[in-house]
Q: 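My structure is below; once you've seen it, I'll send some questions.
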Amino acid sequence: MTKTDLLTSPLHSRHTALGAKMADFGGWLMPIEYPGGGVLKEHEAVRERVGIFDVSHLGKAVVRGPGAVDFCNACFTNDLRKVSPPKAQYTMCCDEATGGVVDDLIQYYKSDEEVFLIPNAANTTEVVRRMREKLPEGLELENQHHDYAVIAVQGPRSDEVLETLGLPTGHEYMSFDSTEWNGKPLTVCRTGYTGEKGYELVPRWEDAEALWDALVEAMKPFDGLPCGLGARDTLRTEMGYALHGHELSMDITPNMARAGWAVGWKKDAFWGKEVLEAQRAEKSCRLSWGLLVEGRGIPRAGCLVKDAAGVEIGVVTSGTMSPTLRKGIALALLDRGVAEGDTVTIDVRGRDVGAVIAKPPFVEAGVHD
């Protein structure tokens with residue numbers, strides 16, 4: 001796929017004007033980093049102050065009509081009945097036959113008759129297709145991928161940035177507020193993918209540029225930065241957050257990813273329930289762990305992991321240099337029997353690099369501050 005074939009966000013002109021390095025991300029041409037700092041400075045801004053991200057490549061869809069919540073509950077792993085509107089909830093769309101993860105997504109519980117969904121960019125069409133196949137009569141399912149933008153405001157000064165624009169702040173984690181900004185509809189949700197306190201703003205596609213410009217101005221007194229998806233990846237990896245295609249996939253189930261907390265095991269049914277229950281009871285599948293590198297070396301996805309005897313025991317699913325710790329970190333799928341604190345080696349381009357098994361997050365989270 002060439003750059004001319006890639007989709008662009010409503011903020012594309014803003015990124016190119018800033019000189020952002022652009023790259024393919026889920027079929028979208030998105031900013032990876034901006035000049036004048038790059039990933040390290042952008043990462044630091046979010047951990048210490050505030051940063052804003054364009055994540056409009058994320059999908060959007062809505063289910064409307066009587067029984068909308070019950071339909072989503074019958075499709076996805078988590079249980080919307082555990083929360084009440086206006087709350088958002090992390091969940092997964094699994095394959096009925098294998099339990100593999102088609103996608104992980106956020107569902108916004110607006111009412112019993114309306115659930116707004118934010119899947120991953122590359123998986124939106126498939127999630128909607130699978131839902132449409134099962135859609136009961138009387139329910140409406142609409143793919144709104146290009147109707148809304150998503151702008152994430154993340155970091156310890158995020159409240160102050162939003163307050164500068166007169167936007168609501170301080171609401172409970174994973175709750176959202178349907179409001180207006182400059183007379184335009186806007187959803188402000190207390191969510192994010194960085195481990196820091198923050199918000200994800202969902203404006204209409206055509207309103208995104210004005211909101212982005214206002215946020216850029218509002219964060220200047222706090223030394224905030226526009227941030228690309230490179231920093232978003234290092235931030236989420238430090239937290240141990242799963243990325244679809246890496247820690248979750250059609251071959252990696254919620255059990256393997258230690259995402260059972262996002263499964264409503266007591267629900268009567270959801271896609272993949274029977275196979276996931278059997279796998280959970282069997283307790284033989286590989287499990288996700290963190291790896292903290294000792295010495296030099298940056299692990300990458302696909303690197304093999306070996307135990308002290310040199311026996312292969314797993315594979316790295318994500319790896320990076322942690323800007324906070326200044327050392328390599330990784331997430332990996334490892335055989336059962338390993339334990340926190342065990343020493344392993346990672347094959348990094350043919351060189352054995354020592355690491356210690358750890359439980360993420362690798363740095364202290366501020367998401368609930």
Q: So which atom in Phe270 and which in Val263 form the shortest heavy-atom distance, rounded to 0.1 Å?
A: CZ-CG1, 3.4 Å
Q: With a 4.5 Å limit on heavy-atom distance, are the side chains of Leu287 and Arg336 in contact?
A: yes
Q: Look at atom CZ of Arg132 and say whether more than 12 heavy atoms of other residues, nucleotides or ligands are closer to it than 6.0 Å.
A: yes
Q: With heavy-atom distances below 4.5 Å as the criterion, would you say the side chains of Arg286 and Asp335 are in contact?
A: yes
Q: Should Glu247 and Val101 be marked as a side-chain contact (heavy atoms from CB on, under 4.5 Å) after you check the CA-CA gap, both sets of side-chain angles, and the distance that decides it?
A: CA-CA 10 Å; Glu247 288 69 47; Val101 181; over 6 Å; no
Q: Spell out, as yes or no, whether a donor-acceptor pair under 3.5 Å connects the side chain of Asn120 to the backbone of Asn123.
A: no
Q: Should Lys60 and Val150 be marked as a side-chain contact (heavy atoms from CB on, under 4.5 Å) after you check the CA-CA gap, both sets of side-chain angles, and the distance that decides it?
A: CA-CA 9 Å; Lys60 305 99 193 170; Val150 185; 3.7 Å; yes
Q: Show, in sequence, the C-alpha distance, side-chain angles and deciding distance for Glu282 and Ser284, and conclude whether the side-chain hydrogen bond (donor to acceptor under 3.5 Å, both in side chains) test is met.
A: CA-CA 6 Å; Glu282 192 177 78; Ser284 62; 2.7 Å; yes
Q: Counting only N and O atoms by type, is there a donor-acceptor contact under 3.5 Å from the side chain of Asp177 to the main-chain atoms of Val188?
A: no
Q: Taking NZ in Lys134 as the centre, count heavy atoms belonging to other residues, nucleotides or ligands within less than 6.0 Å. Is the count above 12?
A: no
Q: Testing Arg190, Lys197, Lys87 one by one against Glu172 for a salt bridge (Lys or Arg N to Asp or Glu O under 4.0 Å), which residue passes?
A: Lys87
Q: Are Leu325 and Leu292 side-chain neighbours, meaning at least one heavy-atom pair lies under 4.5 Å?
A: yes
Q: Which heavy atom of Arg47 sits nearest to which heavy atom of Leu235, and what is that distance?
A: NH2-O, 3.1 Å
Q: Please check this pair: side chain of Asp54 against backbone of Ser56, looking for a donor-acceptor N/O pair closer than 3.5 Å.
A: yes
Q: Hey, are the side chains of Lys82 and Tyr109 touching, using non-hydrogen atoms and a 4.5 Å cut-off?
A: no
Q: Quick one: CG on Leu117 to CD1 on Ile106, what's the gap to the nearest 0.5 Å?
A: 10.5 Å
Q: Quick one, Val55 and Tyr193 - any side-chain contact, counting heavy atoms below 4.5 Å?
A: no
Q: Is there a donor-acceptor pair closer than 3.5 Å between any side-chain N or O of Asp70 and the backbone N or O of Gly67?
A: no
Q: Taking atom types as modelled and ignoring hydrogens, do the side chains of Ser249 and Asp251 form a donor-acceptor contact shorter than 3.5 angstrom?
A: no
Q: Looking at every non-hydrogen atom in both residues, tell me the closest pair between Asp103 and Pro119 and how far apart they are.
A: OD2-CB, 3.1 Å
Q: So which atom in Met321 and which in Thr234 form the shortest heavy-atom distance, rounded to 0.1 Å?
A: O-CG2, 4.4 Å
Q: Decide salt bridge (Lys or Arg N to Asp or Glu O under 4.0 Å) for Arg130 and Glu96; before the verdict, give the C-alpha distance in whole Å, the side-chain angles of both, and the deciding distance to 0.1 Å.
A: CA-CA 10 Å; Arg130 290 180 181 235; Glu96 290 185 89; over 6 Å; no
Q: What is the distance from atom OH of Tyr108 to atom CD1 of Ile118, rounded to the nearest 0.5 Å?
A: 4.0 Å
Q: Would you call Lys306-Asp352 a salt bridge at under 4.0 Å N-O?
A: yes
Q: Identify, with sequence neighbours excluded, every residue that meets ring-ring contact (aromatic ring centres under 6.0 Å, His included) alongside Tyr148.
A: Phe116
Q: Any idea how Trp205 and His146 line up, ring-wise: parallel (<30°), tilted (30 to 60°), or perpendicular (>60°)?
A: tilted
Q: If we ignore hydrogens and angles and just use 3.5 Å, is the side chain of Arg258 paired with the main-chain N or O of Ser288 as donor and acceptor?
A: yes
Q: CD of Glu364: more than 12 outside heavy atoms within 6.0 angstrom?
A: no
Q: Does the side chain of Cys93 come within less than 4.5 Å of Leu105's, by heavy atoms?
A: yes
Q: Which heavy atom of Pro360 sits nearest a heavy atom of Met239, and at what distance?
A: CB-O, 3.9 Å
Q: Would you mind telling me which of Thr187, Thr169, Asp159, Thr191 makes a side-chain hydrogen bond (donor to acceptor under 3.5 Å, both in side chains) with Tyr199?
A: Asp159
Q: Rounded to the nearest 0.5 Å, what separates atom OG in Ser9 from atom CE in Met30?
A: 5.0 Å
Q: Any non-hydrogen side-chain atom of Phe362 less than 4.5 Å from a side-chain atom of Thr324?
A: no
Q: Are the side chain of Arg157 and the backbone of Phe222 linked by a donor-acceptor contact shorter than 3.5 Å?
A: no
Q: Is the number of heavy atoms from other residues, nucleotides or ligands under 6.0 Å of Glu274 CD greater than 12?
A: no
Q: Is a side-chain N or O of Arg326 found less than 3.5 angstrom from the main chain of Pro323, in a donor-acceptor match?
A: yes
Q: According to a 4.5 Å side-chain heavy-atom criterion applied to Ile, Leu, Val, Met, Phe, Trp and Tyr, with indirect links allowed, do Val216 and Leu225 form part of one hydrophobic cluster?
A: no
Q: Same hydrophobic cluster for Val293 and Ile329, using side-chain heavy-atom links shorter than 4.5 Å among ILVMFWY?
A: no
Q: Between Thr164 and Glu217, is the side-chain hydrogen bond (donor to acceptor under 3.5 Å, both in side chains) condition met? List the steps.
A: CA-CA 10 Å; Thr164 300; Glu217 287 301 313; over 6 Å; no
Q: First locate atom NE2 of His43, then atom OG1 of Thr237, and finally report the distance between them rounded to the nearest 0.5 Å.
A: 9.5 Å
Q: Between Arg300 and Gly319, is there a donor-acceptor pair closer than 3.5 Å when you use the side chain of the first and the backbone of the second?
A: yes
Q: Kindly determine whether Leu7 and His57 satisfy side-chain contact (heavy atoms from CB on, under 4.5 Å), including the steps that lead there.
A: CA-CA 8 Å; Leu7 300 168; His57 63 302; over 6 Å; no
Q: Apply side-chain hydrogen bond (donor to acceptor under 3.5 Å, both in side chains) to Asp104 and Tyr90, showing your working.
A: CA-CA 7 Å; Asp104 61 330; Tyr90 177 81; 2.8 Å; yes
Q: Roughly how far, to the nearest 0.5 Å, is CD of Glu294 from OG1 of Thr345?
A: 11.5 Å
Q: Would you say the side chain of Val202 lies within less than 4.5 Å of the side chain of Cys189, judging by non-hydrogen atoms?
A: no
Q: Let me confirm one number: the CG-OG distance from Asp233 to Ser318, rounded to the nearest 0.5 Å.
A: 6.5 Å
Q: Are any side-chain N or O atoms of Glu42 and backbone N or O atoms of Gly228, one a donor and one an acceptor, separated by less than 3.5 Å?
A: yes
Q: Hey, any chance Leu11 and Leu186 share a hydrophobic cluster, counting ILVMFWY side chains that come within less than 4.5 Å of each other, even indirectly?
A: yes
Q: Any idea which heavy atoms bring Met219 and Pro226 closest together, and the distance?
A: CE-N, 3.3 Å
Q: Between Val50 and Leu201, is there shared hydrophobic-cluster membership here, with clusters defined by ILVMFWY side-chain heavy atoms closer than 4.5 Å?
A: yes
Q: Ile357 vs Leu291, test: side-chain contact (heavy atoms from CB on, under 4.5 Å). Steps then yes/no.
A: CA-CA 5 Å; Ile357 296 177; Leu291 298 176; 3.9 Å; yes
Q: So, the side chain of Thr253 versus the backbone of Gly99: is there a donor-acceptor pair under 3.5 Å, distance only?
A: no
Q: Under a 4.5 Å side-chain heavy-atom rule over Ile, Leu, Val, Met, Phe, Trp and Tyr, are Leu18 and Val153 clustered together?
A: yes
